Amino acid sequence: MLSIGSVVLGVSDVPRAAAFWGEALGYVPREEGEDDWVVLVPAEGAGVQLSLGLSETPVQEHPRIHLDLYAGDSADQAVEVERLVSLGAQRVAWDLYPADADFIVLADLDGNRFCVIDTGHG
């Protein structure tokens, strides 16, 4: 039986992305990173690994795969969005929001889209 070992993001600057995602998620490098590759793991406890690889592929405006980061409720979601923006994330003018969206679309320093989800919604 297979399991997901790591989610991989293409980035243009691995050390910069590692600093952002490490701060955003409370992750640390599994081992010393390289200029073109690093694997981040939770600083405490278990969780999905996030691998960052050097890429020259352009960012997709509507990516087929993205990260969903869970917040407890709408207040927690708002706090987390502001924290992520203070780390360098950008709000995305998302044209596909449904009328009663439980998510906010942001982009990391490389433009990779991700969502912050209000898990208390609905």
Side-chain angles (χ1 to χ4, degrees):
M1 178 63 84
L2 296 175
S3 63
I4 295 174
S6 189
V7 174
V8 181
L9 285 180
V11 298
S12 62
D13 183 326
V14 171
R16 180 185 71 171
F20 172 81
W21 285 109
E23 222 18 69
L25 300 174
Y27 276 36
V28 296
R30 185 178 65 192
E31 61 261 338
E32 187 173 339
E34 312 256 336
D35 287 339
D36 63 350
W37 182 258
V38 67
V39 178
L40 302 176
V41 297
E44 298 181 20
V48 175
Q49 296 183 143
L50 180 62
S51 300
L52 305 169
L54 189 61
S55 175
E56 294 180 11
T57 303
V59 173
Q60 294 176 328
E61 184 175 346
H62 296 103
R64 294 179 67 174
I65 296 175
H66 65 274
L67 300 177
D68 280 350
L69 307 181
Y70 286 4
D73 57 26
S74 61
D76 187 33
Q77 179 189 45
V79 167
E80 287 299 328
V81 165
E82 291 310 312
R83 185 179 71 83
L84 293 163
V85 168
S86 77
L87 295 174
Q90 294 184 350
R91 294 176 184 271
V92 173
W94 193 247
D95 59 346
L96 301 176
Y97 278 117
D100 192 25
D102 64 350
F103 63 95
I104 296 171
V105 180
L106 299 177
D108 70 7
L109 304 174
D110 284 287
N112 294 309
R113 275 40 171 186
F114 64 96
C115 296
V116 180
I117 311 295
D118 167 5
T119 61
H121 184 78

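Computed from a prediction, not measured in an experiment: that's the story for all the values here.
Proximity of a side-chain donor or acceptor of S55 to a complementary backbone N or O of T57 within less than 3.5 Å is detected. At distances below 3.5 Å, at least one donor-acceptor pair connects side-chain atoms of H121 with backbone N or O atoms of D100.
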(message) Could you go through V41 and V28, starting from their C-alpha distance and side-chain angles, then the distance that decides it, and tell me whether this counts as side chain to side chain contact (heavy atoms under 4.5 Å, CB included)?
(response) CA-CA 6 Å; V41 297; V28 296; 4.1 Å; yes
(message) Quick one, L106 with R91, criterion side chain to side chain contact (heavy atoms under 4.5 Å, CB included). Give me CA distance, side-chain angles, the key distance, then yes/no.
(response) CA-CA 5 Å; L106 299 177; R91 294 176 184 271; 3.9 Å; yes
(request) May I have the step-by-step check of side chain to side chain contact (heavy atoms under 4.5 Å, CB included) for V7 and L50, ending in yes or no? (result) CA-CA 5 Å; V7 174; L50 180 62; 4.3 Å; yes
(message) Checking D73 against T119 for the side chain to side chain contact (heavy atoms under 4.5 Å, CB included) test, could you report, in this order, the C-alpha distance in whole Å, the side-chain angles of both residues, the deciding distance, and whether it holds?
(response) CA-CA 6 Å; D73 57 26; T119 61; over 6 Å; no
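Under the 4.5 Å side-chain heavy-atom criterion for Ile, Leu, Val, Met, Phe, Trp and Tyr, I104 and W94 are members of the same hydrophobic cluster. Note: the hydrophobic cluster containing L67 also contains V92 (ILVMFWY, side chain heavy atoms under 4.5 Å, direct or indirect links). In the hydrophobic clustering of this structure, L87 groups with V105; members are Ile, Leu, Val, Met, Phe, Trp, Tyr whose side-chain heavy atoms approach within less than 4.5 Å, directly or through other members. Residues L25 and V39 do not share a hydrophobic cluster, defined by chaining ILVMFWY side chains whose heavy atoms lie under 4.5 Å apart. Under a hydrophobic-cluster definition in which Ile, Leu, Val, Met, Phe, Trp and Tyr are linked whenever side-chain heavy atoms come within less than 4.5 Å, directly or via other members, V48 and L69 are assigned to the same cluster.
Counting only heavy atoms from C-beta outward, the side chains of D35 and P15 approach each other to under 4.5 Å. Between V11 and R16 there is no side-chain heavy-atom pair separated by less than 4.5 Å. Side-chain atoms of E34 and V14, non-hydrogen and from C-beta on, never get closer than 4.5 Å to each other. At a threshold of 4.5 Å between non-hydrogen side-chain atoms, the residues S51 and L9 do not count as touching.
Taken from NE2 in H66 to CG in N112, the straight-line distance is 12.0 Å, to the nearest 0.5 Å. Note: I117 CD1 to D76 CG = 12.5 Å, rounded to the nearest 0.5 Å.
Contact detail for D108 and F20: the closest heavy-atom pair is CB-CE2, 3.7 Å. Heavy atoms only, all atoms of each residue included: W37 and G53 are closest at CE3-CA, 3.5 Å. When all heavy atoms are compared, the tightest approach of Q60 to R64 is OE1-N, 3.4 Å. A17 and D110 make their closest contact through CB-OD2, 4.0 Å (heavy atoms, listed as atom of the first residue, atom of the second, distance). Shown here for D13 and L54, the closest heavy-atom pair between the two residues is N-CD1, 4.4 Å. The minimum heavy-atom distance linking A89 with F114 is given by the pair CB-CZ, 4.2 Å.
Counting non-hydrogen atoms of other residues, nucleotides and ligands closer than 6.0 Å to OH of Y70 gives a total of 12 or fewer. Under a cut-off of 6.0 angstrom, the local environment of CG in L96 is crowded, with over 12 non-hydrogen atoms contributed by other residues, nucleotides or ligands. Annotation for E61: atom CD does not count as buried by contact number, only 12 or fewer foreign heavy atoms lying within 6.0 Å. In the displayed structure, Q90 atom CD is contacted under 6.0 Å by at most 12 heavy atoms of other residues, nucleotides or ligands. Within 6.0 Å of the CG atom in D68, the count of heavy atoms belonging to other residues, nucleotides or ligands exceeds 12.
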